[in-house]
Amino acid sequence: MSHNGGEAVQAETFDRLIDRVGKLLEQFGRHDSLLEMGDYSIYGDYWGFPQVKVTVENLKLLRPDIVERLQGVVADFPGWEIVVAVAVPEHISDWPDMGLYIRPHEIIDGLQRQYFPAEYQTIEYAGSRRGTEQD
């Protein structure tokens, strides 16, 4: 298989994974539109990395049941991951970068819960671990 053929397969896989992630998240919130902020957005450009990037603007989308379902989706795409970045609009300037790497076999948890409202500070994900410098 040529390099370009491999890239085409990767881009096709990316499109399939984005579609599945979108169908799942639309059950729990609104996607951003040009007219208004939603609860999340999905970065739609493929940059050659086996990952789909999701920005969460509403912390309710970090619920363990939703993250578990996202892990179930990515489990069908070995070698891929879903990167979830937290970007709550009213805290863009005063919260650090944080998020989750959701992989078929693990969840790397980089959330800094001390910034969250009390009801989100105790969120935990089965099988997750804190990120390290090697992640």
Using modelled atom types only, decide if a donor and an acceptor are shared between the side chain of Arg130 and the backbone of Leu111 within a distance under 3.5 Å.
yes
At what distance, to the nearest 0.5 angstrom, does OH of Tyr46 lie from CD1 of Ile18?
11.0 Å
Name every donor-acceptor pair, under 3.5 Å, that has one atom in a side chain of residues 116-125 and the other anywhere in the protein, sequence neighbours excluded.
from: Gln121; atom 1: NE2; to: Phe116; atom 2: O; distance (Å): 2.6
from: Tyr125; atom 1: OH; to: Leu62; atom 2: O; distance (Å): 2.6

Tyr115 to Trp95 - nearest heavy-atom pair and separation
O-CZ2, 3.0 Å
Apply the test side-chain contact (heavy atoms from CB on, under 4.5 Å) to residues Glu68 and Asp65: give CA-CA distance (whole Å), side-chain angles for both, the deciding distance (0.1 Å), then the verdict.
CA-CA 5 Å; Glu68 185 178 308; Asp65 61 309; 5.6 Å; no
Could you check if a side-chain atom of Val21 sits within less than 4.5 angstrom of a side-chain atom of Asp19, using non-hydrogen atoms only?
no
When you measure from the side chain of Asp109 to the backbone N and O of Ser128, does any donor-acceptor pair fall under 3.5 Å?
no
Treating Arg103 as the side-chain partner and Gly79 as the backbone partner, does any N or O pair qualify as donor plus acceptor under 3.5 Å?
no
Applying side-chain contact (heavy atoms from CB on, under 4.5 Å), run through Leu25 and Asp39 and close with a yes or a no.
CA-CA 9 Å; Leu25 291 179; Asp39 298 308; over 6 Å; no
Hey, are the side chains of Val88 and Val86 touching, using non-hydrogen atoms and a 4.5 Å cut-off?
yes
What I want to find out is whether Arg20 reaches Asp76 closely enough, with some N-O distance under 4.0 Å, to be called a salt bridge.
yes
Quick one: closest heavy-atom pair of Ala87 and Ile92, and the distance?
CB-CD1, 3.7 Å
Distance flag, aromatic centroids of Tyr40 and His31, threshold under 6.0 Å
yes
Would you say Glu12 and Asp15 make side-chain contact, with heavy atoms under 4.5 Å?
no
Are Val67 and Val83 connected in the hydrophobic side-chain network, where two residues link if heavy atoms are under 4.5 Å apart?
no
Spatial distance of atom CD1 (Ile107) from atom CZ (Arg129) [nearest 0.5 Å]
11.5 Å
Ile82 and Leu70 have their tightest heavy-atom pair at CD1-O, 3.6 Å
Side chains of Phe14 and Val52: does their closest heavy-atom pair fall under 4.5 Å?
yes
Side-chain touch Phe77/Thr13, heavy atoms, less than 4.5 angstrom:
yes
Worked verdict on Gln10 versus Phe49 for side-chain contact (heavy atoms from CB on, under 4.5 Å):
CA-CA 9 Å; Gln10 289 281 86; Phe49 297 100; over 6 Å; no
What do you reckon, is CG of Asp97 surrounded by more than 12 foreign heavy atoms closer than 6.0 Å?
no
Residue pair Glu57 / Gly38: nearest heavy atoms and the distance that separates them:
OE1-O, 3.0 Å
Are any of the side-chain heavy atoms of Ile102 and Glu81 separated by less than 4.5 Å?
no
Over all heavy atoms of both residues, which pair between Pro104 and Gln71 is shortest? Give the atoms and the distance, please.
O-NE2, 3.6 Å
Do the side chains of Leu61 and Val84 get nearer than 4.5 Å, heavy atoms only?
no
If hydrophobic clusters are built by linking Ile, Leu, Val, Met, Phe, Trp and Tyr wherever their side-chain heavy atoms come under 4.5 Å apart, do Ile66 and Leu17 end up in the same one?
yes
Would you mind reporting whether Met37 and Arg30 have side-chain heavy atoms less than 4.5 Å apart?
no
Of all heavy-atom pairs between Phe28 and Arg63, which one has the smallest distance, and what is that distance?
CE2-NH2, 3.7 Å
Does Ile42 belong to the same Ile/Leu/Val/Met/Phe/Trp/Tyr cluster as Val56, with side-chain heavy atoms less than 4.5 Å apart forming each link?
yes
